[in-house]
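As the structure is a prediction and not an experimental result, all values here were calculated from the model.
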There are 2 protein chains.
Amino acid sequence: MQGYNKYAYEPFAVTVDLAVLTLRGAALHVLLVERGQEPYAGHWALPGGFVEPDESAETAARRELAEETGLVDVSGLHLEQLRTYSEPDRDPRMRVVSVAFAALLPDPPEPHAGSDAAQARWLPYDSAGPLAFDHDRILADAHDRVGAKLEYTCLATAFCPPEFTLGELQQVYETVWGTALDRPNFRRKVLATPGFVEPVPGAARLTGGRGKPAALYRAGTATTLHPPLLRPPREGRPV
Amino acid sequence: MQGYNKYAYEPFAVTVDLAVLTLRGAALHVLLVERGQEPYAGHWALPGGFVEPDESAETAARRELAEETGLVDVSGLHLEQLRTYSEPDRDPRMRVVSVAFAALLPDPPEPHAGSDAAQARWLPYDSAGPLAFDHDRILADAHDRVGAKLEYTCLATAFCPPEFTLGELQQVYETVWGTALDRPNFRRKVLATPGFVEPVPGAARLTGGRGKPAALYRAGTATTLHPPLLRPPREGRPV
DNA sequence: CCCCTTTATAGTCGCAATGACTATAAGCCT
DNA sequence: AGGCTTATAGTCATTGCGACTATAAAGGGG
């Protein structure tokens, strides 16, 4: 970066790509848009767009998130920069460097088609088939990152509405990790971690359907979990 | 990213910035270059440079790493993408988006001045004063990331030469975290983690200086630590 | 040459965290 | 009413880990 001038560099297009994740029932879903143009016309892709001259990648990502989901207020949503994808051939048309983000939503709204008139919808993570460009890789990286951060941060509450039950919180872990957790142990662990969740004071209870009504909790003030909530170790792991 | 054309976007300059970290004795050091030109002439900055048209950010970072350190073979060094810094005003001259990397070196070579004829040297992390641009932030983020990854990955061996003693490995943790660790407990934990380190078969021993010679180990095949090696919790942490 | 310092390694003890499990409570459904 | 479902309370044994003691193997200074 010493002594460069305006003409010493090659200009790049800079975009953001978003892996917008949410839980629908017991399945992880991702927001995808259908491409209308070549390349990859007819393929599904992650939503995204260009970073404009006066905004940062974070600002651009939040703007795109609002546009694609149709949500009015996205200020409270968790948005996390994943990494930047810059392989020279990742877009066949031109040199595009993309800053990827993961966004976590509690209650998924029905998406409306973006300004580009492309179709947008939620697809289950497992059946999000081959995506355009390197978006399969980005989506997998998003999943890995979120799964890892569940272990040692309070990220799971970002998937939950403002007030939630411990069962819903456990469902987040089980869905993202793809493993079942013991309910009493999960409960003990969460409640023993200071600042993870705090009970809603009024004896508020929510009855969603069957079974005994559960107590409601809010996200606490802590951001990290000490000690972490480790996922059960995989069986076929190298010894 | 639907239906853009060549002229629908604003071109950006894309650079890489490197936080090259190493251990000298018992202190964490970072490789810095002195800027010769405005802005921030005379200030220290992280090494870096432009991404060229035919290379990815990772390739550019490894190329810059070789140039700045003078090392011939940087293929075995750990290079990790941190995040991308894209605030519109982070460079007063023009719009520059920078992909930041952390690089970990075992034995620090004496740096030679880069092609820009700027001065380059190792500085202790703690006395790496105010840096140019947003490089203070980048350096702090690199330190945070490395400290966190020591907990749940085998990253510490990236600071060590091919063969090392457990005392040297412990020194990595103590230096990066800034805390003292109990030696027998550290040893027990490391040896109990399958794949973290493996003993050098020949009864090889290294006598660096005083004390009983220590057994030598190599980095194992594992990449993650299960369960993690947690750093001692800070005292004044919110309850 | 002996002792002292330094570092490595072995092992002990007790508490805290956790996995596996049982039991009870409180709602809905038929 | 009885059974199903989910929430919550608690038990028990094992593991992990922090704190600590002890022994071994080197070098250095009188």
Side-chain angles (χ1 to χ4, degrees), chain A residues 25-26 150-152 160 163-175 177 179-194 196-200 203-217 224-235 237 239, chain B residues 25-26 150-152 160 163-175 177 179-194 196-200 203-217 224-235 237 239:
Chain A
L150 287 187
E151 290 193 329
Y152 55 96
C160 296
E163 298 187 345
F164 51 88
T165 69
L166 293 186
E168 292 169 345
L169 189 67
Q170 182 176 348
Q171 185 69 59
V172 173
Y173 280 88
E174 294 184 331
T175 300
W177 286 349
T179 40
L181 299 175
D182 180 83
R183 198 180 280 270
N185 290 342
F186 179 83
R187 173 187 191 79
R188 178 187 30 175
K189 174 71 184 175
V190 170
L191 295 180
T193 303
F196 192 0
V197 298
E198 51 189 30
V200 175
R205 287 165 175 271
L206 168 78
T207 168
R210 300 175 294 245
K212 175 176 174 179
L216 288 177
Y217 293 84
T224 58
L225 263 42
H226 271 281
L229 206 165
L230 297 177
R231 78 184 95 183
R234 303 190 155 283
E235 299 306 323
R237 139 178 82 100
V239 183
Chain B
L150 287 187
E151 290 194 329
Y152 54 95
C160 296
E163 298 187 346
F164 52 87
T165 69
L166 293 186
E168 292 168 346
L169 189 67
Q170 181 176 350
Q171 185 68 60
V172 173
Y173 279 88
E174 294 185 329
T175 301
W177 286 349
T179 39
L181 300 176
D182 181 83
R183 198 179 280 269
N185 290 342
F186 179 82
R187 173 186 191 78
R188 185 212 322 171
K189 174 71 185 175
V190 170
L191 294 181
T193 302
F196 193 2
V197 298
E198 50 189 31
V200 174
R205 289 168 173 270
L206 170 78
T207 168
R210 301 175 295 246
K212 176 178 174 179
L216 287 177
Y217 293 85
T224 59
L225 264 42
H226 271 280
L229 206 164
L230 297 177
R231 79 185 95 185
R234 304 189 155 281
E235 298 307 323
R237 141 178 79 102
V239 183

- Message: Applying the side chain to side chain contact (heavy atoms under 4.5 Å, CB included) criterion to Leu225(A), which one of Leu230(A), Thr193(A), Val190(A) satisfies it?
- Response: Thr193(A)
- Results of ring pair (Phe, Tyr, Trp, His ring centres under 6.0 Å) for Tyr152(B) - residues two or more places apart only: Tyr152(A)
- Note on the structure: Leu229(A) atom CG is separated from dT18(C) atom P, nearest whole Å, by 8 Å
- Please report, rounded to the nearest Å, how far the C1' atom of dA26(C) is from the NZ atom of Lys212(A). 6 Å
- So, Gln170(B) side chain and Leu181(B) main chain: donor-acceptor pair closer than 3.5 Å or not? yes
- Query: Counting side-chain heavy atoms from CB outward, which of dG27(C), dC17(D), dA25(D) is closest to Pro213(A)?
  - Reply: dG27(C)
- Message: Counting primed atoms plus P, OP1 and OP2 as sugar-phosphate and everything else as base, spell out the protein contacts along nucleotides 9-14 of chain D at 4.0 Å heavy-atom distance: B, S or - for each nucleotide, 5' to 3'.
- Response: BB----
- Item | N/O (side chain, Arg183(A)) to phosphate O (OP1/OP2, dA7(D)) under 4.0 Å | yes
- Message: Rounded to whole Å, please give me the gap between OH in Tyr152(B) and C1' in dG16(D).
- Response: 21 Å
- Query: Roughly, in whole Å, what's the span from CZ in Phe186(A) to P in dT6(D)?
  - Reply: 16 Å
- Task: Look at Arg210(A) and dG27(C) and indicate whether a side-chain polar atom (N or O) is within less than 4.0 Å of OP1 or OP2.
- Result: no
- Item | Between dT6(D) (P) and Leu181(A) (CG): distance, integer Å | 16 Å
- Nucleotide nearest Lys189(A) when distance is taken to its side chain, options dA25(D), dT18(C), dT6(D): dT18(C)
- Integer-rounded Å distance: dT15(D) P and Leu230(A) CG: 17 Å
- Item | Minimum heavy-atom distance between Gly25(B) and Gln171(B), given as atom pair plus value | O-CG, 4.3 Å
- Message: Quick one: does any side-chain atom of Tyr173(B) pair with a main-chain N or O of Leu150(B) as donor and acceptor, under 3.5 Å?
- Response: yes
- Message: Looking at every heavy atom in both Asn185(A) and Asp182(A), which two are closest together, and how far apart are they?
- Response: N-OD2, 3.0 Å
- Message: Rounded to whole Å, please give me the gap between CG in Leu169(A) and P in dT6(D).
- Response: 17 Å
- Whole-Å gap separating C1' (dA7(D)) and CD (Gln170(A)): 11 Å
- Item | Heavy-atom pair with the smallest gap, counting every atom of Phe186(B) and Leu166(B) | CE2-O, 3.7 Å
